[in-house]
Structures are given as C-alpha cells and as structure tokens.
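Residue numbering restarts at 1 for every chain, and letters A, B, ... go by the order of the sequence lines.
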Number of protein chains: 2
Amino acid sequence: MNTKLDIVFSALSDSTRRHILTMLLEDDMAVTDVAEPFEMSLAAISKHLTILTRSGLISQEKRGRVKWCKLEPDALRDASIWMQSFGQFEAVNLDAFERFLERELDNDTA
Amino acid sequence: MNTKLDIVFSALSDSTRRHILTMLLEDDMAVTDVAEPFEMSLAAISKHLTILTRSGLISQEKRGRVKWCKLEPDALRDASIWMQSFGQFEAVNLDAFERFLERELDNDTA
DNA sequence: CAATTGGTCAACCATTTGGTTGAATATGGG
DNA sequence: CCCATATTCAACCAAATGGTTGACCAATTG
C-alpha cells in the first residue's frame, strides 16, 4: 500500500529535497535557479522536483519556457498532524526555528 | 550526506513502520507481538524494528529472551519542528487526531 | 538434557532510488 | 529562420530497500 503519507514522508527523507523546500520558502523559483546551488545535474534536480510535485509539497506551472516551482505547505498538514500526535509538541518557536534552519542549511546542503 | 532528519523521515515513509508506531502508542510490546497482526515474516518485522531503532523513534531492551520495544516520541521533535515551519499549523486538535488515526489504521495497514 | 520459544543473521531476489550522460522538445530572441 | 535557453526524456548504473527462507543462537521450560 502506498498512501499519501508514504509519499510525503519519503519525499521529505532526502536532504536535497528538503533544501529545495527551504529555498522555496523565500520565493517561487524556476527549475534552473533551483538547480544552481547544487553540485548535481539539472536532470537530477528535475527528478527531485517531480518527486516533490507528486507528493504535493510543491506545484509547478509552466509560463513561457520556464517552469515555476511553488511551495504548497498544506501538503504537510496530515503528516504534521500524524507526527505531533506522538509527542504533543508545543507550538513552534520561530526564533528557535530560524536557528534550526541555519543549522540545517549549513550541515545539510547537498 | 545522511542526517538524522533523513533517517527519521525515511523511517516514517513506510506504512508498516508507522503502523508499528501507532501500536506502540498503546503500550510497550515484544517483537513477536508486534509482528502478529502483519502478514509478513518475523524477520521482516525485525528489520523494520531495527530501522525504527536506528532512527531513534523506538528503543529496544532485552529482558530474558524477550526484546521489548518502546516508543521514543522525542525523536520526532526536530522533524516536527522542521515540518511545522512550512505551514504554521495550529496546535493539533485531539478529536481530529483520533479520527485521523482511525482512518490511518483502517486504510494503511500492511 | 532436550525441546520450545524469541529473535537475529545470512544469502538471496526484485524493485526502487538517486545519480549520470546525451539526445530530444519547446519556447523566445535577434 | 537560426540559435540559445529551459526543461525533460531515455538509457544506463550502483546502491539501497523490503521482502523471502533457512540456519543459527539464547533463554525458558518440562
């Protein structure tokens, strides 16, 4: 069985893809620009973006010859609910989160 | 690179393993009892439990010849923080969660 | 001790994953 | 029209994943 939850968690289990998601927090981006900071082929990034799209975590829209990638944070909803249940986590502290993100971007870049 | 977050999300991306986690919400269980409801070999479940242990989501302790499995919800903390950032989800509603879990257990069993 | 129970290990297998490269397909600009 | 740009496709590859079976080891019980 391959539920939505499988697909979302599996999409999140790769640090390149998580890094892409954090980049898209800033703004929508074209595929080529998403690929720029990574040391891997454009085709590889294109595949990652396909996986993210299948998971619903981003959407892609072609305008002219560029394909724009847009974060779709609602896709995390069910997964987040599933997870929170196990720990009853308090609401997230945004300062702590920014520090966390910096750490993530330093340690976790492809 | 294979960060902690990779390992946790990857552990969560399998519905058998998520089902095991929900079983362990009830109580600690022996490996054989964890395996009982699944239509797969004990060895397969043993592997899943190893993956969950490596991820920190559960711990295992051998007492006599029985190995007890225990949920370790703290392991979800960083992952949950990471996820919440993308949606600023409100604190989880426990009733909604119970409905969600029932759905999960009905649809998502191995 | 012998037999049973609980669990893992090892070897194997099919499928998926994450990457590569080179060709192909739009689309836009001069 | 021709060329450059943006992106995907196709074929390939190595490694990881999720499962199987049978042998194995450890602990309990009769």
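Take the nearest nucleotide of DNA chain D for B/Ser10 and for B/Ala44: the residue whose nucleotide is more 5' is B/Ser10. When each of A/Gly64 and A/Ser41 is assigned the nucleotide of DNA chain C bearing its nearest heavy atom, the one mapping closer to the 5' terminus is A/Ser41. In terms of position on DNA chain C, the residue among B/Lys47 and B/Asp33 whose nearest nucleotide sits closer to the 5' end is B/Asp33.
Taking the side chain as every heavy atom from C-beta outward, A/Ser15 and B/Leu5 never approach each other to under 4.5 Å. Between B/Lys67 and B/Leu49 the shortest side-chain heavy-atom distance does not fall below 4.5 Å. B/Asp6 has its side chain within reach of A/Arg18: a pair of non-hydrogen atoms, C-beta onward, lies under 4.5 Å apart.
Under the 3.5 Å distance criterion, with hydrogens and angles disregarded, no donor-acceptor pair is assigned to the side chains of A/Arg17 and A/Ser55.
Rounding to whole angstrom units, CZ of residue B/Phe38 and P of D/dT20 are separated by 12 Å. Between B/Glu39 atom CD and D/dT20 atom P there is a gap of 10 Å when expressed in whole angstrom units. The interatomic distance linking A/His48 (NE2) with C/dT16 (C1') rounds to 14 Å, in whole Å. Atoms CD1 (B/Ile45) and P (C/dC9) sit 16 Å apart, rounded to a whole Å. Rounded to a whole Å, the CZ atom of A/Arg17 is 15 Å from the P atom of C/dT16. Spacing between atom CG of B/Leu49 and atom P of D/dG18 amounts to 13 Å, rounded to whole angstrom units. Distance CD (B/Gln60) to P (D/dA26): 18 Å, rounded to an integer number of Å. The nearest whole Å value for the distance from the CG atom in A/Asp6 to the P atom in C/dT16 is 13 Å.
For A/Ser46, a side-chain nitrogen or oxygen approaches OP1 or OP2 of D/dT8 to under 4.0 Å. For C/dT27, the OP1/OP2 oxygens have no side-chain nitrogen or oxygen of A/Arg63 closer than 4.0 Å. Contact annotation: A/Lys67 side-chain N/O to D/dT8 OP1/OP2 distance is under 4.0 Å.
The side chain of A/Thr32 has D/dT7 as its nearest neighbour among D/dA26, C/dG18, D/dT7. Of the listed nucleotides (D/dG18, C/dG6, D/dT20), D/dT20 has the atom at the smallest distance from the side chain of B/Met40.
Between the base of D/dA6 and the side chain of A/Arg65 there is no donor-acceptor pair shorter than 3.5 Å.
Among the atoms of the strands shown, base atoms are found under 4.0 Å from some heavy atom of A/Ala43. At a threshold of 4.0 angstrom between heavy atoms, the contacts of A/Leu42 include nucleobase atoms, whether or not backbone atoms are also involved.
Aromatic ring centres of B/His48 and B/Phe38 lie farther apart than the 6.0 Å criterion allows.
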